[in-house]
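Since the structure comes first, as structure tokens, the remarks are kept for the end.
Here is how names work: the chains are called A, B, and so on, in the same order as the sequence lines, proteins then strands, and each is numbered from 1.
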Amino acid sequence: MPELPEVETTRRGIAAAMTGDCIAAVVVREPRLRWRLPGEFAAQLRGQSIRAVRRRAKYLLIDLERGCLIVHLGMSGSLRVLPAMTIALKHDHVDLILNSGACLRFNDPRRFGSMHYTTEAPEQHALLRKLAPEPLENDFNAAYLAAKAKRRKVAMKQFVMNGNLVVGVGNIYASEALFRAGIRPSRRAGRVKKAEFAKLVKAIKTVLSAAIRSGGTTLRDYVNAEGTPGYFRQKLFVYDRKGQPCRKCGTAIRQIAQGQRSTYYCPTCQT
DNA sequence: ATGGGCACCTGGCTGC
DNA sequence: TGCAGCCAGGTGCCCA
């Protein structure tokens with residue numbers, strides 16, 4: 001499900017309710033997430049106060065007194081802040097009960113999401129250690145991306161979704177950014193010009209920022225911490241618009257498969 | 001190092 | 001109505 005804008009929207013929503021509070025209890029109804037939660041998971045978190053809620057790539061980092069809870073929402077996960085004692089429904093796998101009475105509830109039908117408790121710096125965790133720059137930071141720029149693309153044969157769509165090159169750009173925003181940059185998703189990275197990378201970097205930053213302002217994109221399950229959907233779907237140019245007219249030129253949007261994922265593009269606007 | 005494909009899992013939709 | 005098949009916002013891992 002969630003790409004960077006949806007994870008950032010979730011972060012902002014849960015941070016206010018969590019920061020400064022303390023974890024009174026942890027309820028694990030289903031430990032079989034992408035990685036099985038260890039038996040001691042609840043005990044590790046219990047009694048710890050919450051220092052901050054940060055984000056790195058699509059991971060949420062919940063800083064505690066003595067460690068960090070690393071959360072990933074996978075394809076279908078959500079985190080909501082609910083009143084205490086709210087009845088649990090299907091796929092409500094984990095609750096963090098806070099001293100305030102609030103309940104942070106992790107729901108994830110497909111269980112591709114994950115939770116890890118670590119006492120080392122979360123950036124050093126095996127899952128985060130090798131991640132590329134954040135797309136909205138200054139070290140993600142045209143010179144950087146163009147250098148990474150040299151002699152690479154991979155298609156641009158897969159190139160921008162590679163978390164070793166830039167993080168946070170998933171299947172929706174990869175198609176959207178390439179549209180805004182006027183680049184065909186099937187082009188080989190090594191053949192794209194420096195000036196086009198400049199447009200692409202700008203497009204990635206613009207589309208992710210705009211999506212955050214709209215509270216993310218909801219296709220099916222995504223909801224923010226208040227349980228409401230994101231509104232960026234109305235502003236998508238190509239994603240999930242197969243056969244519909246391009247919002248710039250009217251040409252029918254095409255859908256192709258790349259690496260077993262759907263890609264959408266305009267055959268006129270993108271060359 | 002790079003690129004390609006599969007795996008993990010549930011649910012919703014389509015078409016017969 | 002039932003059921004098979006396909007598709008879905010991610011990413012770690014294995015193989016060539």
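- Whole-Å rounding puts the A:Gln158 CD to B:dC6 P distance at 14 Å.
- Under the stacking criterion of a centre-to-centre distance below 5.5 angstrom and an interplanar angle below 30°, A:Phe112 is not stacked against the six-membered ring of B:dC9.
- Residue-level contact check: A:Arg34 touches the bases, meaning some heavy atom is under 4.0 Å from a base atom.
- Counting any heavy atom pair closer than 4.0 Å across all strands shown, A:Lys130 reaches no nucleic acid atom.
- When the nearest nucleotides of DNA chain B are assigned to A:His91 and A:Ala155 by heavy-atom distance, the more 5′-ward of the two goes with A:Ala155.
- Look at CZ on A:Arg220: it is 20 Å from P on B:dC9, rounded to the nearest Å.
- By the stacking rule of 5.5 Å between ring centres and under 30° between planes, A:Tyr222 does not stack on the base of C:dG9.
- A:Arg152 comes within contact range of the sugar-phosphate backbone alone, with a heavy-atom separation under 4.0 Å but no base atom that close.
- Side-chain contact annotation: A:Asn107 with A:Asp92, donor-acceptor N/O pair under 3.5 Å present.
- In the set C:dG9, B:dG11, C:dG10, the nucleotide with an atom closest to the side chain of A:His72 is C:dG10.
- In this structure, a donor-acceptor pair under 3.5 Å is absent between the side chains of A:Tyr239 and A:Gln255.
- Within the nucleic acid shown, A:Tyr59 comes within 4.0 Å of sugar-phosphate atoms alone, with no base atom in reach, counting heavy atoms only.
- Under a 3.5 Å cut-off, the side chain of A:Arg188 and the backbone N or O of A:Arg152 do not form any donor-acceptor pair.
- Rounded to an integer number of Å, the gap from A:Leu60 CG to C:dG9 P is 20 Å.
- Applying the side-chain hydrogen bond (donor to acceptor under 3.5 Å, both in side chains) rule to A:Thr228 yields the partners A:Asn224; only residues at least two apart in sequence or on another chain are considered.
- The NZ-C1' distance, from A:Lys157 to C:dG10, rounds to 12 Å in whole Å.
- No side-chain donor from either of A:Lys157 and A:Ser186 sits under 3.5 Å from a side-chain acceptor of the other.
- Separation of the P atoms belonging to B:dC9 and C:dC3 is 23 Å when rounded to the nearest angstrom.
- Between A:Arg187 and A:Glu196, at least one side-chain nitrogen of the basic residue sits less than 4.0 Å from a carboxylate oxygen of the acidic one, meeting the salt-bridge criterion.
- A donor-acceptor pair is defined here as one N or O able to donate and one able to accept, closer than 3.5 Å; no such pair exists between the side chain of A:Glu137 and the backbone of A:Glu134.
- Among the nucleotides B:dC8, B:dT10, C:dG9, the one closest to any side-chain atom of A:Arg111 is B:dT10.
- Two residues, A:Arg110 and A:Leu131, neighbour DNA chain C, and the one matched to the more 5' nucleotide by heavy-atom proximity is A:Arg110.
- Between C:dG10 and A:Arg261, a contact under 4.0 Å exists linking OP1 or OP2 to a side-chain N or O.
- Taking atom CD of residue A:Gln258 and atom P of nucleotide B:dG4, one finds them 10 Å apart after rounding to whole Å.
- For the pair A:Glu6 and A:Thr217, the tightest heavy-atom approach, listed with the atom from each and the gap, is OE2-N, 2.7 Å.
- Atom pair A:Lys153:NZ and B:dG3:P shows a separation of 8 Å (rounding to whole Å applied).
- One interatomic measurement links the two molecules: NE2 of A:His125 to P of C:dG12, which rounds to 11 Å at whole-angstrom precision.
- Separation of the P atoms belonging to B:dG5 and C:dC7 is 15 Å when rounded to the nearest angstrom.
- Nearest to the side-chain atoms of A:Lys58 among the listed nucleotides C:dG9, C:dT11, B:dG5 stands C:dT11.
- Following rounding to the nearest Å, A:Ile70 (CD1) and C:dG10 (P) show an atom-to-atom distance of 19 Å.
- When base pairs are accepted only as Watson-Crick or G-U wobble with both N-N or N-O distances under 3.5 Å, DNA chain C takes part in stems of 3 or more pairs at B:2-8 with C:10-16, B:10-16 with C:2-8.
- Of the candidate nucleotides B:dG3, C:dT11, C:dG12, B:dG3 has the atom lying nearest to any side-chain atom of A:Val154.
- A:Ser262 comes within contact range of the sugar-phosphate backbone alone, with a heavy-atom separation under 4.0 Å but no base atom that close.
- Of the candidate nucleotides B:dG5, B:dT2, C:dG12, B:dG5 has the atom lying nearest to any side-chain atom of A:Gln260.
- Distances from the side chain of A:Trp35 to the nucleotides C:dG12, B:dG4, B:dG11 place C:dG12 closest.
- The minimum heavy-atom distance linking A:Cys22 with A:Gly47 is given by the pair SG-O, 3.4 Å.
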